[in-house]
Amino acid sequence: MRDAGSLLVLDQVVKTFGGVAAVGGLTAHVRQGSVHGLIGPNGAGKTTVINLITGLFHPSAGSIRFNGAKLEAMAPQDIAATGISRTYQNVRLFSGMTALEQVMTGCYLRRGVSLWSSFLGLPAASSAWRSTREQALHLLDRVAMAHRADELAETLSYGEQRRIEIARALGSDPKLLLLDEPTAGMNHSEAEAVGRLVHELRDAGLTILMVEHNMSLVTAFCDSCTVMNFGRLLAEGDPKTCIADPAVQEAYFGRKNDADRIQALR
Amino acid sequence: MSKASAAARTLRGVLAGAAALAIGYAGTAAAAPAAGEYGVGFITENTGPLAAAGVSYHRGAQLAVDEINEGAWIGQGVKLKLNEKESGSDAARAVQALTQFSADRNVIAVTCCILSPVAAALKPVTTNAKLPLVIYGATLPGLPQPPYVTSVVGLPGPQEVKMSKMLAETLKPKTVAYFVNADNEGFQNRFKAAQKVMEEAGVKTAGVVSILSADTDFTAPATQAMATNPDLIMVWTTQTPAAGIIAALRARGYAGKISASDVISPAPVFKKIGAALAGVPFPIVFSSEISSSPEAKKFVEGYTKKFGEAPDTYSAQGYTSLYLIAQAMKSLDGKPSREDLAAALGKASAVEYNIYGGLPMVNGQAEVQNSLVAAWTADGKVVRWENK
Amino acid sequence: MQLFVEQLINGWALGSLYALFGIGFGLVFSTLGILNAAHGTYASWAAIAGYYAVERFGVPFPVAIAAGVIGGGLLAVVVDQIGFQPLRAKKTGMLGALITSIAFWIILDSLAGFATGQQSLAFPAASYPNQMVVMGPLRVPQMQIITIVALLVCTIGIHLLIQKTRIGAAMRAVGWNEVAAALGGVNARMVILLTAFLAGATSGLAGVLGGISTSNVSFTLGEGLMLKGFAAVVVGGYDDVRGTAIAGICLGIIEVFVAQYISTSFRDGFTYMLLLAFLIARPRGLFGSASFVRA
Amino acid sequence: METFLDLWAAYGSTVTFAMVNALFALSTYAVLSTGVLSFTTVVFAAVGGFLAAQLSGKFGLPLWAAFPAAALGGGFAAAVVAFAFLRLESHWMALASLALVLITRVTALNAPALTGGVNGLIVPVRVEPLELAILLALCTVVFWRLHRSWFGLASRAVREDAAVASTMGISPYRIQFIAFLISGVVGGLGGAALAFTLQFISPETYFIGIAFTMIASTVLGGSFHWLGPIIGAAVFTALPTTMQAIVPQIEDVAKGVVLLLIMIFLPRGLIDPRAWGLKKAAKLREETEAKRAAERDAHA
């Protein structure tokens, strides 16, 4: 029943590495057109969940459904083609590419021409290339990076690189955007800007699943959230309610010994 | 470039050469090339897999140039200069070296190659460039192609046949086991020639053990050959395997007769293997210790003085190649062109100055007349082989 | 039957050389991530070092072996520090190191040619145990027994070192991820030096033993070992010395038997077909651990 | 004019071999630019070389018919190799491809009917330097187009981070498979070009020597732009000739040392667009700072 309005459904997803369960039977729902937070202490398995959704890992058990498609056995590029796009916890831009080239690469899925006609430089391919370039510049403008379009991305500051990565992820015109700690390493005003961008995107019809550490940002940005600990669901629902949950409080602040142990396990 | 025009050019070259030769021949006594220094390109193999032999070839050639220049052998004021370029036994590098020589106007002839495939690779290039090439080492039949390609190295066959007959008669073996290079056609031919002689003499083949040139461990092949329990083991392989096989046979306790080819004649092989080589017969056309012609003695003396060691069969071949070139030079008048020289080389009916006691040439290919059967003594001397 | 057993031992001894060399090559590949084209020259130089120790100083057999082993190890350390260390900071991955190793291969091979006067040398027969050990109907050369035992000792020793000691754990950590190892308090530099030395020394031992028993001390020695040692590493799985040892022995035995019972022409083809089959059907090798997870 | 002819005659063969090596390097670059280190160019070259030699020798095919056949042969071999090898992890891929080079030589040695075995094959047709230059130019145009197309962008992404590229809808397998096909075609052409240049080939012609020449050329020249392999091949081919002229005694040692020095000081090769970008960024930063300083001065 709850599946009805959900764009993405994780059902009893398990992922084990050498016998250790990083994700142990997680069930979660992401509503269409919402900003959904995925939160939890370090080592809770949040990034693993993102990797499972995007196909970099395949679940050991359980299913992931997106917009009617079953993702669990699909290759990453096929999952991307269904309309899922992402950023990375540690920015993973391509070395040696300019900011514009990064975003152009992100536009690969909607290039509109075959590799073959692009190689031959047919008129249709050239005009498609130009229009894709325009789109990429527009996306860069959207994250306020258009003035840096022709610079090597790796020469830019960390915050700028994060913004380029978001622009790149938007290149494929996704239905679902997965942001893995998009504000990590940013100052307050930069983080605010990311928050505004996220809301703009949502209002334009995009669904967003974001991993976020900062509780105040979660309450500020997210419409709903899922809290994980030790690869399991701890709480789900409205962000404020979730954070107030004693189990969540304990996972984050209590039982310091456990936190240390998790830290050691990583 | 079309083949027709190449052929036409070749033909023109040959005709011009023949004409020049005819003129030269008419006045042999008066023939003398213009004084000056003429370059001879020498493609060395001083590095790479065959460097051990390559150094010897090179030294032989160096000595020949010294002798020819000092004695004004070609004519007053006519000198040869050896220009060396290294190939490392690699065909591509050898081709590069040859084209560079062909660009050097001062180079009138080139001499090269231990490996037949490398020589084969140079053949079209040298013919195209109309630059005479004298082969000093490679022995695949059909390599020489006068006038541009000639060879001073006798083809294997006669020496092997001669030795095999001798061994069949004196040793009277009932069975023979053979070692043969699976990847060297020259040695396969030698093996086949020897086997034919033996079988005609009623000697059975106990077994054939094939090895590869690059092999180094011969314990297993030795075990294999010894298991056939032969009266004689004939080793028809390149140098390193031959030395290794004989060492391995003796190390495993084989006390029977072994024979080999001239590859075990150079001194470093004895230094390496030692007494295990003693009494192993091999056919040879030149030996610093046995060959006794005045030319051979002069060669040995000069070589020993210059390089501090006795020459081997390879240095003898390098030496001979230069004398063939000098001989062709000598027959020409005025400033010799490459074409003229090629024609003279192609026409040569013998290497006149040689250390073999005669070295006739047929169609640009030297033929060995006199070969000996020699063996190492336990204290490292090469002597005529006797059945003991 | 006697022939069969003798050839089995011949193959075993030959394969032990391949395996010994392969262990060194595999150590560098798995721990330092370097496909080292110059590795064969360590074996050549170890044999040359051992040879000159005997030739010039008349040292006894064990000292000659030690000279080769230490020589191979030191050479490996020098090559690593000159050729590979400057590239580590620049993150050129496997490629950069491959090219510098090709450069060292060219240099060391050519210098080895000079060092031996372009000849193939051999240890004087009196300088090593060159008798046959008689065991019933069998006669086995002493050097074969020494080679077989050397492989056994090295395999067990290095396996224990890697699996059971702190240093070994550190080596595995470096192999996994150098940055992580440095953060985890492992002195990566020390581990690199130790690995390079150990790899050079093991391959050096193969070189000096091979140089003695095949009567061939020259630059071609390393090349031959390199091709077959490489095969042993691939078949055995590059991150497990036991796999390399077993694969090496098997390759040696197969090689000898193919030559004895089938044909020499097919010998190398057989080895490499086996290699290809393993690469495609079981790329982890005999004992190789499951492929890593990378995202 | 005469001096020029002399120079050409002396170094013409170096130029010719540089062009042949450039084809090998481009073939290696084709796969390397999608993040695959593979030595299989040698295999493709052997297929192309022996095919071209046999077609022109036995069936009298002219040069320009033999080249396309060699390209097809190389491409077909590449398809087979890619199918078998592309699922291997990168380290294994490198080892597997090296093993395949060894296997190719043994196979060629034992198939004398096709390859002439140990005695090799005489190739009756010769390629002129100009024809070779045209062939290389054609290949270069292809690589130039590829670089500027979606394939170029996708292959750079796959090389830098295949996992990230895959989450953007780029199939690394597909990109690398295409790269192998290109590598096979160009490698086959290179093999034929070598056969028509040497006019003699044997199984030894297509062996480790080529593997190391091509990989060294590519990395030396720079594997991040198509110009790199061409420049690298020129340098690497000219190196022995130069060393022979300067230090003939220790030619090989000198060649190794030069290679070593270039790698240590220019590990990304001679042609490195990224370094240009970094330089540009540094310059830009300087300018901005200068401007800021000027503004400060103006305010003061």
Side-chain angles (χ1 to χ4, degrees), chain B residues 44-56 58 86 88 179-183 207-229 239-241 243-248 250-254 266-276 309, chain C residues 2-11 13-15 17-18 109-110 113-114 116-126 130-132 134 139-144 210-211 213-221 223-225 227-228 252-253 255-257 259-261 263-268:
Chain B
T44 53
E45 300 185 31
N46 292 345
T47 64
L50 301 168
V55 171
S56 282
H58 186 200
E86 176 65 27
F179 278 95
V180 61
N181 251 93
D183 55 354
V208 180
V209 181
S210 50
I211 55 93
L212 303 175
S213 308
D215 287 357
T216 51
D217 187 294
F218 299 102
T219 321
T223 310
Q224 191 179 348
M226 283 162 67
T228 65
N229 212 3
Q239 192 179 65
T240 308
I245 287 166
I246 296 169
R250 294 296 187 217
R252 282 200 79 90
Y254 176 74
V269 179
F270 184 85
K271 184 168 179 285
K272 175 178 159 177
I273 303 300
E309 60 180 42
Chain C
Q2 185 194 343
L3 177 65
F4 181 86
V5 177
E6 278 184 350
Q7 291 291 42
L8 188 72
I9 295 170
N10 285 337
L14 181 63
L17 285 179
Y18 297 162
D109 234 20
S110 142
F114 289 124
T116 58
Q118 312 293 356
Q119 299 286 346
S120 156
L121 308 170
F123 282 74
N130 65 345
Q131 301 302 307
M132 305 286 278
V134 180
R139 295 158 56 82
V140 183
Q142 286 172 325
M143 278 309 292
Q144 289 194 341
S213 52
T214 63
S215 307
N216 176 30
V217 176
S218 75
F219 65 94
T220 60
L221 172 70
E223 240 161 77
L225 281 175
L227 294 181
K228 299 298 165 56
I253 293 174
E255 209 173 88
V256 167
F257 279 163
Q260 166 80 46
Y261 296 110
S263 157
T264 309
S265 322
F266 296 137
R267 192 192 64 196
D268 288 2

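Note that these values count all heavy atoms, side chains included, but never hydrogens, waters or copies made by symmetry. Residue numbers begin at 1 in each chain, while the letters A, B, ... track the order of the sequences.
- The part of B:Thr240 that comes within reach of chain C is its side chain, from C-beta onward, which places non-hydrogen atoms under 4.5 angstrom from that chain.
- Contacts between B:Ala247 and chain C at a heavy-atom distance below 4.5 Å involve the side chain alone, from C-beta outward.
- The line from CG of C:Leu14 to CZ of B:Phe218 is 11.0 Å long, rounded to the nearest 0.5 Å.
- Residues C:Gln119 and B:Lys271 fail the side-chain proximity criterion, which asks for heavy atoms closer than 4.5 Å.
- C:Asn216 and B:Thr216 share no side-chain donor-acceptor pair at under 3.5 Å.
- In terms of modelled atom types and a separation under 3.5 Å, the side chain of C:Thr264 and the main chain of B:Ser210 share a donor-acceptor contact.
- In this structure, the portion of B:Asn46 lying under 4.5 Å from any heavy atom of chain C is its backbone and not its side chain.
- Heavy atoms only, all atoms of each residue included: B:Arg252 and C:Arg139 are closest at NH2-O, 3.2 Å.
- In this structure, a donor-acceptor pair under 3.5 Å is present between the side chains of C:Ser120 and B:Lys272.
- What you find for B:Val55 and C:Gln118 is that their closest heavy atoms are CG2-CG, 4.2 Å.
- Residue contact with chain B, scored on non-hydrogen atoms closer than 4.5 Å, is absent for C:Gln2.
- The part of B:Ile211 that comes within reach of chain C is its backbone (N, CA, C, O), which places non-hydrogen atoms under 4.5 angstrom from that chain.
- Nearest approach of C:Leu3 to B:Ala227, heavy atoms of both residues: CD1-CB, 3.4 Å.
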For C:Arg267 and B:Asp215, run salt bridge (Lys or Arg N to Asp or Glu O under 4.0 Å): C-alpha distance rounded to whole Å, both residues' side-chain angles, the deciding distance at 0.1 Å, then the answer. CA-CA 11 Å; C:Arg267 192 192 64 196; B:Asp215 287 357; 2.7 Å; yes
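- Within the 4.5 angstrom heavy-atom criterion, no atom of C:Phe114 approaches chain B.
- One finds the CD atom of B:Gln224 at 10.5 Å from the CG atom of C:Asn10 (value rounded to the nearest 0.5 Å).
- Heavy atoms closer than 4.5 Å to chain B are found nowhere in C:Asp109, neither backbone nor side chain.
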